[in-house]
Amino acid sequence: MKAAAFAYARPTSVARALELLGVHGDKAKILSGGQSLMPAMNLRLISPEFIVDIGALAELRGIVLKGDALSIGALTRHVDVLKSPEVAAHVPLLRDATSHVAHPAIRNRGTLGGSLAHADPASELPACMVALGATIIVRGPRGERRIPAQEFFTGIYETALSPQELLVAVELPVAGKGSAHFFQEFARRHGDYAIVGLAAQSIVASGQFADLRLGFFAVGDRPLLAGAADRLVNVAVTPEILARASAILSDELDPQEDQQATPAMRRHLAKVLLSRCVSSLLARPDLQWRAPA
Ligand SMILES: Cc1cc2nc3c(=O)[nH]c(=O)nc-3n(C[C@H](O)[C@H](O)[C@H](O)COP(=O)(O)OP(=O)(O)OC[C@H]3O[C@@H](n4cnc5c(N)ncnc54)[C@H](O)[C@@H]3O)c2cc1C
């Protein structure tokens, strides 16, 4: 199928892009890498009347270290995140997660901003933003807003962005001393959307978590920063403490049924990921989940 007819503009400045969004409002859609928008248009799941192609806005592309934060422009492609020495050095969780996003052809076009604005609950990158404590920077008719990642994702394909706003960049705190991260997902094949996944960022000192942020994905309508992590911080983790955290996690999840998994299966996989994460970050094989004999 082909997309319905639409008007098209390729502005050469952010100001002009915002002007166009101001005029066309919710009848317009921003085109970034096109890897989610174009399939949705071709399947006629959506039929925007006006496309604002932001591909020429070079100012929205790039990765820059600013003090203790790494700033990544919205138009930065997945492949550039993967190849970036700054990302590898300062936010290695994001590099690991991006290698699980789709396949090379899609990563060559798809952008970080597009993925976050699309807000697929099974997507890796929104969960990383939540785990890393990112700030999402958007620009609109009333200027710039800085939105904590946890407040940015509001539902399935829904965010705090208004139709007149453009996501311009994200800022990620750089990993400090003692930082350790964990990324794993269950997917049918490498590159598929996750059945369940976990992006975690921690600080480990003397065999304990001084900080732990658990970003689960594909377990609800948006990425979940799991409160269960609180049970694991500043304590010597025992199998009993982990079991308690796991029970708390189970209550926090709101997994959906689809062709890939039942809610019960997703709940189970999330708990397996939690134990793998804790076991791996603390280098404690005794905490690894084992199937009942
Ligand atoms: C076969 C296939 C497999 C995939 N597998 C995965 C996967 O495993 N994991 C995963 O995370 N993703 C996956 N994707 C999606 C891919 O990562 C996309 O690149 C990403 O979701 C959207 O990025 P984009 O730049 O292509 O955005 P686009 O498709 O251009 O836009 C997506 C949406 O975001 C809006 N938007 C884009 N940029 C902005 C902006 N700067 N400000 C405001 N709104 C904006 C658009 O209007 C649109 O609604 C897959 C895609 C395909 C086709």
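Order of appearance sets the numbers: ligands from 1, and atoms from 1 within every ligand. None of these values were measured; they are calculated from a predicted model.
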- [ ] Identify, for atom 43 (C) of ligand 1, the protein heavy atom at the shortest distance, and state residue, atom and that distance.
- [x] I30 CD1, 3.4 Å
Open item on the list: Which option wins on minimum heavy-atom distance to atom 42 (N) of ligand 1: L167, D192, L57?
Closed with: L167
Task: Option whose closest heavy atom lies nearest to atom 30 (O) of ligand 1, chosen from G114, A169, G34 - done: G34
TODO: Could you tell me if any non-hydrogen atom of V101 lies under 4.0 Å from any atom of ligand 1?
DONE: yes
Open item on the list: For atom 23 (O) of ligand 1, which of the options G33, A127, S115 provides the nearest non-hydrogen atom?
Closed with: S115
- [ ] May I ask you to identify, for I106, whether its side chain, its backbone, both or neither come under 4.0 Å of ligand 1 on a heavy-atom basis?
- [x] side chain
Open item on the list: Looking at K29 and D53, is there a salt bridge between them, counting it only when a charged N and a carboxylate O are closer than 4.0 Å?
Closed with: no
Task: T111 and S32 side chains, donor-acceptor separation under 3.5 Å - done: yes
Task: L60 to ligand 1, any heavy atom closer than 4.0 Å - done: no
- [ ] Kindly identify the option in R109, M41, H118 whose heavy atom sits closest to atom 33 (C) of ligand 1.
- [x] H118
Open item on the list: With nothing but distance in play, are any N or O atoms of S36 less than 3.5 Å from an N or O of ligand 1?
Closed with: yes
- [ ] Out of E124, Q35, M38, indicate the one that has the non-hydrogen atom closest to atom 53 (C) of ligand 1.
- [x] Q35
Open item on the list: Within the structure, is a non-hydrogen atom of H78 found at a distance of less than 4.0 Å from ligand 1?
Closed with: yes
